[in-house]
Amino acid sequence: MARDTEYVLKLLGEYGMVTPEQVAEARRKADASEGLIDAVDALIQDGVVQDNELLTMLAQQYGMEVLDLHNYEIPKEVLETMNAETVQHYNVVPVMKHDNILTIAMSDPTDVATLDTLRYILGGDVDAVIAPESQIQEVITKYYTTDVEQMNQFIEGADTSDTELVNGQKPEDDDGSELDDDAPIIRLVTQLILDAYRMKASDIHLEPMEKRYRVRYRVDGALREVEGPPKYLQANFTSRVKIMSKLDITEKRIPQDGRIQLSTGDKDIDLRVSSIPTTHGESIVMRILDKASIQLDIPKLGFYADDLEIVTKIIGLPDGIFLVTGPTGSGKTTSLYAFLNTINSPSRKIITVEDPIEYQLAGINQVQVDRHVDMTFAAALRSMLRQAPNIIMIGEIRDLETADIAINAALTGHLVFSTLHTNDAPGAIARLVDMGVKPFLVATALRAVMAQRLLRRICPECKQPYTPNAQEIKMLRLTPEYLANHQFYKGVGCSKCGRTGYKGRIGIYEIFLVTEEIGKLIFANEPSGVIREGARRAGMRSLRDDAMRKAEAGISTLEEVIFVTLMDEN
């Protein structure tokens with residue numbers, strides 16, 4: 001539900017129901033909740049505003065009726081006009097139907113986008129009355145979630161109906177003319193993005209299937225399918241997203257990349273957009289870059305005290321190269337930004353070269369790669385060195401030219417941060433050598449490599465102890481003595497975590513220091529396995545080791561440890 005909080009606060013002030021001081025305190029509590037509640041919720045929780053008073057005010061403002069759902073009998077045929085997924089997602093319930101107009105009960109009349117969305121989803125006219133949110137939730141619980149199996153069958157039936165509608169023609173108005181959906185499409189696409197943002201999704205996937213248009217959000221690294229628009233709106237959705245991201249809407253044969261910037265209230269949302277042609281249309285992925293959520297405080301990234309001490313020493317060095325490795329989406333950029341933010345000071349000049357610049361950092365000079373004008377990583381680096389920086393950050397070392405310039409910078413008194421795509425930390429050595437960098441240069445310039453992954457956190461609301469199963473015990477080689485001394489937990493699934501048992505993510509790390517012994521192994525061009533064994537002898541913990549520490553502490557599950565670190569252990 002997209003409540004216009006600022007507008008409601010303004011109305012409350014105009015009606016004399018709150019004072020500026022009460023609004024300021026409510027904003028403070030809303031900010032402290034990190035998005036769990038807004039300022040209006042805070043006013044209600046503190047008893048400054050009563051729920052029924054708020055509803056009455058909004059009803060007067062919008063000329064709507066207030067409906068008391070207690071003891072209100074909703075006909076079965078009306079309940080069946082909407083499926084469980086829809087009422088839960090939009091927090092509304094159908095209450096009556098007359099002359100083909102469906103009336104729904106909603107708690108927030110400022111959320112006009114939901115009404116537009118439901119008109120398209122349901123393929124008809126939708127009107128609204130106001131009801132307390134608690135009563136709406138009671139109706140949803142009573143009629144839509146009492147029998148999970150029955151609910152799933154009902155949703156499947158609704159999906160089949162939607163598929164039949166998809167295969168038909170575009171809906172027409174009573175006079176036979178096609179509906180003009182340009183304005184609603186704008187609202188629908190914007191609403192889709194805002195819904196993903198509120199769910200803290202990292203990506204939005206718009207995927208054209210043969211008979212439907214699938215929408216999925218990536219939340220905490222896992223994809224979740226949500227209710228998408230009808231198939232006949234696929235072209236409209238694609239065109240709208242391409243217009244917003246300044247892509248060529250007439251070009252449907254080649255991949256395209258763009259960017260969207262949205263402003264909602266006091267929040268700015270940036271999205272990186274990628275479009276590629278597929279069999280059934282253009283597949284679009286939007287990566288959400290939430291400036292407010294980026295964590296620039298190193299201790300909050302998930303380091304234990306011993307690893308934090310090592311990292312602090314590394315980023316305090318005067319020169320050398322510090323590499324962060326891991327697959328796409330493992331949090332490398334966030335870690336680098338946190339490092340730079342920590343050592344950023346007026347006495348140091350920091351320059352970065354990135355493709356793209358995901359977040360803007362105050363006090364740091366950031367350069368965007370642009371291959372159309374030959375502004376490559378290597379070209380930018382050569383110019384950057386003439387700027388006499390103390391610290392350089394390279395988005396990624398992709399070729400020998402960039403690697404050579406980075407190493408020369410490190411050998412001439414610069415501290416260089418960058419990333420590589422390798423499975424583990426010691427593997428960065430082989431990657432650099434494969435690029436063509438001489439082993440003795442790697443041994444001399446490289447100070448440390450940190451591999452990382454993101455581990456899903458157990459939802460604190462539904463966290464419960466459990467006993468590892470036989471497969472987990474076997475794959476993790478857990479002994480009876482070990483199991484007797486450790487308690488493990490998992491989330492059973494609740495409304496707070498979308499029934500997944502997980503909420504949020506934390507980093508796991510493998511820090512590889514280039515000691516004198518390791519330097520000799522690199523200089524001798526020893527295989528990665530030998531170098532890794534040497535690092536383990538020197539005290540390096542693997543990703544699996546750090547993940548197990550988080551599982552032992554009740555932060556994550558053994559199942560997640562196996563899933564995230566299986567390839568690394570193999």
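This one's a predicted model, so the numbers in the text were calculated from it and none came from an experiment. Residue numbers count from 1 along this sequence.
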Compare all side-chain heavy atoms of [X] with those of [Y] and state whether any distance is below 4.5 angstrom.
| X | Y | result |
| --- | --- | --- |
| L415 | R348 | no |
| D195 | V226 | no |
| V49 | V40 | no |
| Y217 | L192 | yes |
| I458 | C497 | no |
| N341 | L361 | no |
| M244 | L262 | yes |
| K29 | Q45 | no |

Distance (rounded to the nearest 0.5 Å) between [X] [atom1] and [Y] [atom2]:
| X | Y | atom1 | atom2 | value |
| --- | --- | --- | --- | --- |
| T238 | I284 | OG1 | CD1 | 4.5 Å |
| D307 | L301 | CG | CG | 12.0 Å |
| Q234 | M209 | CD | CE | 9.0 Å |
| I508 | R453 | CD1 | CZ | 7.0 Å |
| T114 | L188 | OG1 | CG | 10.0 Å |
| T325 | L420 | OG1 | CG | 7.5 Å |

Sequence neighbours excluded, which residues qualify as ring-ring contact (aromatic ring centres under 6.0 Å, His included) partners of F303? Y509
In chain order, what residues pass the ring-ring contact (aromatic ring centres under 6.0 Å, His included) check against F339, with sequence neighbours excluded? F322
Using side-chain contact (heavy atoms from CB on, under 4.5 Å), reason through T328 and H421 one step at a time and then give a plain yes or no. CA-CA 8 Å; T328 300; H421 285 281; 3.6 Å; yes
Pick one: which of V93, V92, I136, L122 meets side chain to side chain contact (heavy atoms under 4.5 Å, CB included) with I104? V92
I need the single residue from L323, I392, I343, I314 that forms a side chain to side chain contact (heavy atoms under 4.5 Å, CB included) with F417. Which is it? I343
Report the C-alpha separation of Y90 and T86 in whole Å, then their side-chain angles, then the decisive distance to 0.1 Å, and conclude whether the side-chain contact (heavy atoms from CB on, under 4.5 Å) test is met. CA-CA 6 Å; Y90 294 103; T86 301; 3.8 Å; yes
Keeping [X] on the side-chain end and [Y] on the backbone end, is there a donor-acceptor pair under 3.5 Å?
| X | Y | value |
| --- | --- | --- |
| D257 | S274 | no |
| S283 | E207 | no |
| T565 | L543 | no |
| Q256 | D248 | yes |
| D297 | A338 | no |
| D424 | S542 | no |
| K231 | Y213 | no |
| K332 | S418 | no |
| Q452 | G331 | yes |
| K252 | E282 | no |

Would you please test L289 and R259 for side-chain contact (heavy atoms from CB on, under 4.5 Å) and show each step? CA-CA 10 Å; L289 307 174; R259 194 158 187 153; 3.4 Å; yes
Any side-chain donor-acceptor pair under 3.5 Å between [X] and [Y]?
| X | Y | value |
| --- | --- | --- |
| T333 | Y359 | no |
| N91 | E133 | yes |
| Q366 | E354 | yes |

Is [X] salt-bridged to [Y], cutoff N-O under 4.0 Å?
| X | Y | value |
| --- | --- | --- |
| R28 | D31 | no |
| K550 | D546 | yes |
| E6 | R27 | yes |

Over all atoms of both residues, closest heavy-atom pair of [X] and [Y]:
| X | Y | value |
| --- | --- | --- |
| E251 | K242 | O-NZ, 2.9 Å |
| F377 | V353 | CE2-O, 3.3 Å |
| M435 | A403 | SD-CB, 4.2 Å |
| P277 | I254 | CD-C, 3.9 Å |
| A362 | N344 | O-ND2, 3.0 Å |
| V215 | G228 | CG2-CA, 3.7 Å |

Before giving the answer on side-chain contact (heavy atoms from CB on, under 4.5 Å), spell out for V23 and L12 the whole-Å C-alpha distance, their side-chain angles and the decisive distance to 0.1 Å. CA-CA 9 Å; V23 171; L12 289 170; over 6 Å; no
Just checking M375: does its CE atom have more than 12 heavy atoms from other residues, nucleotides or ligands closer to it than 6.0 angstrom? no
Applying side chain to side chain donor-acceptor pair (under 3.5 Å), can you list everything that pairs with Y62, at least two apart in sequence or on another chain? none
